[in-house]
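Just so we're on the same page: letters track the sequence lines, and every chain starts at 1.
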Protein chains: 2
Amino acid sequence: MEALAEYFKVFSEPNRLAVLEALRQGSLNVTAVVEATGLSQALVSKHLKLLTIAGVVRRRPEGSLVYYQVFDRGVFRLLALAEKQLQASRQQQLTALQSVL
Amino acid sequence: MEALAEYFKVFSEPNRLAVLEALRQGSLNVTAVVEATGLSQALVSKHLKLLTIAGVVRRRPEGSLVYYQVFDRGVFRLLALAEKQLQASRQQQLTALQSVL
DNA sequence: ATCCAGTATAATGTTTTCGTGATAATACGA
DNA sequence: TCGTATTATCACGAAAACATTATACTGGAT
């Protein structure tokens, strides 16, 4: 439960999701992610490190570049399901409103 | 993306997951949740409020009691899938270790 | 009207988390 | 070897999240 919460925390940050989204297409080095997201280099580096430690992303140095790629693309299914549940929750928010108005 | 991150944040807290877990069995009032989780009353109230605002949980006052229940049990599928991906990520953490040792 | 149980909120202090700017570390080419 | 490009880390300040204690609010019973 503790660990699960930690895992969810990984995806609870917009910029981190943006980095993941950039990596959806495949393997990218840091500057490519920087350009794709528009975030600062330091920030991207931090998020990538966190994602790596979390085991979501894989780090592969190649010469002076460092490529990152999503380890298990199943995470995108998780993101998709979350998106779907998010829709369902919006429904609830509406019905909650109705019971007030 | 912004909204999705917010949604993930809902599940990124151990105590909140504990509250959700308590509500897996069905509808419970606040004190029942307090007893099931061992958390303080104020804390449970806060988490329930957050879950309600997030649209994950539904609030139903009955006399002086207030019952809460999970709105769309699909969230449990989300939790299960996350758990599964968590396992996959552990795999990556191991292989990451191997490339170091 | 009062008291009590159940629930919600407010105020507060502590800890995390985020982002930035500057700097280090590394690999490569001239 | 020196300079440059790429990536990682450090130090810091600001903002957000959490838990706790105390207090308010509500409905029902006496």
Side-chain angles (χ1 to χ4, degrees), chain A residues 1-23 27-70 96 99-100, chain B residues 1-23 27-70 96 99-100:
Chain A
M1 173 110 46
E2 182 71 21
L4 187 57
E6 287 272 317
Y7 188 69
F8 272 114
K9 195 175 295 183
V10 172
F11 307 102
S12 72
E13 222 284 323
N15 290 337
R16 215 137 52 214
L17 288 185
V19 168
L20 264 186
E21 204 55 45
L23 290 178
S27 185
L28 293 181
N29 66 356
V30 179
T31 36
V33 175
V34 168
E35 290 169 0
T37 59
L39 303 176
S40 77
Q41 185 268 319
L43 190 52
V44 168
S45 220
K46 266 195 186 176
H47 283 311
L48 284 173
K49 176 172 188 176
L50 205 159
L51 287 168
T52 304
I53 291 178
V56 172
V57 142
R58 166 186 199 154
R59 191 185 119 107
R60 185 165 47 86
E62 190 137 334
S64 68
L65 304 188
V66 179
Y67 286 89
Y68 286 89
Q69 66 181 5
V70 172
S99 70
V100 173
Chain B
M1 174 110 46
E2 183 71 21
L4 187 56
E6 287 272 317
Y7 188 68
F8 272 114
K9 196 174 293 184
V10 172
F11 308 101
S12 72
E13 222 284 322
N15 291 336
R16 217 138 50 215
L17 288 185
V19 168
L20 265 186
E21 204 55 43
L23 290 178
S27 185
L28 293 181
N29 66 356
V30 179
T31 36
V33 175
V34 167
E35 289 168 2
T37 59
L39 302 175
S40 78
Q41 185 268 318
L43 190 52
V44 168
S45 219
K46 264 194 187 177
H47 284 310
L48 283 174
K49 176 170 188 177
L50 205 159
L51 287 169
T52 304
I53 291 177
V56 172
V57 143
R58 165 183 200 159
R59 190 184 120 106
R60 185 165 47 86
E62 190 136 333
S64 69
L65 304 189
V66 179
Y67 287 89
Y68 287 89
Q69 66 182 5
V70 171
S99 70
V100 172

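In this structure, B/Y68 reaches the C/dA8 phosphate: one of its side-chain N or O atoms is under 4.0 Å from OP1 or OP2.
B/K9 places its NZ atom 12 Å from the C1' atom of C/dT16, with the value rounded to the nearest Å. Taking atom CD1 of B/I53 as the reference point, atom P of C/dT9 lies 9 Å away to the nearest angstrom. When the P atom of C/dA8 is taken as reference, atom OH of B/Y67 falls 13 Å away, rounded to whole Å. Across the protein-nucleic acid pair, A/E2 atom CD and C/dT16 atom P stand 12 Å apart, rounded to whole Å.
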Completion exercise
Once base and sugar-phosphate atoms are separated, protein heavy atoms under 4.0 Å mark nucleotides 22-28 of chain C, 5' to 3', with B, S and - as -----SS

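If you check C/dT20, C/dT7, C/dG19 against the side chain of B/V30, the one that comes closest is C/dT7. Taking the side chain of B/R59 as heavy atoms from C-beta on, and the options C/dT7, C/dT9, C/dG19, the nearest nucleotide is C/dT7.
Using a 4.0 Å heavy-atom distance criterion, B/S45 is classed as a base contact. Note on A/K46: a base of the nucleic acid sits closer than 4.0 angstrom, heavy atoms only.
Side chains of B/T52 and B/R58 form no contact here, defined as non-hydrogen atoms less than 4.5 Å apart. With a 4.5 Å cut-off on side-chain heavy atoms, B/K9 and B/E6 count as touching. A heavy-atom distance below 4.5 Å is not found between the side chains of A/N15 and A/T37.
Here CG of B/L50 is found 10.0 Å from NZ of B/K46. Values are rounded to the nearest 0.5 Å. Distance CG/A/L51 to CD/A/E13: 10.0 Å, rounded to 0.5 Å. Separation of atoms CZ (B/F11) and OH (A/Y7) is listed at 14.5 Å; rounding is to 0.5 Å.
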Problem - side-chain contact (heavy atoms from CB on, under 4.5 Å) between A/V33 and A/L23, worked out - result: CA-CA 8 Å; A/V33 175; A/L23 290 178; 4.1 Å; yes

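A donor-acceptor contact shorter than 3.5 Å is absent between the side chain of B/T31 and the backbone of B/V34.
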Please tabulate, for side-chain N and O atoms in residues 62-69 of chain B, each donor-acceptor pair with protein atoms closer than 3.5 Å (sequence neighbours left out).
from  : atom 1 : to    : atom 2 : distance (Å)
B/E62 : OE1    : B/R60 : NH1    : 3.0

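Checking A/L39 against B/L48, the closest nucleotide of DNA chain C that is more toward the 5' end is the one next to B/L48.
In summary, contact between chain A and DNA chain D, defined as any nucleotide atom under 4.0 Å from a heavy atom of the protein, begins and ends at D/dT6 to D/dA11 in the 5' to 3' direction.
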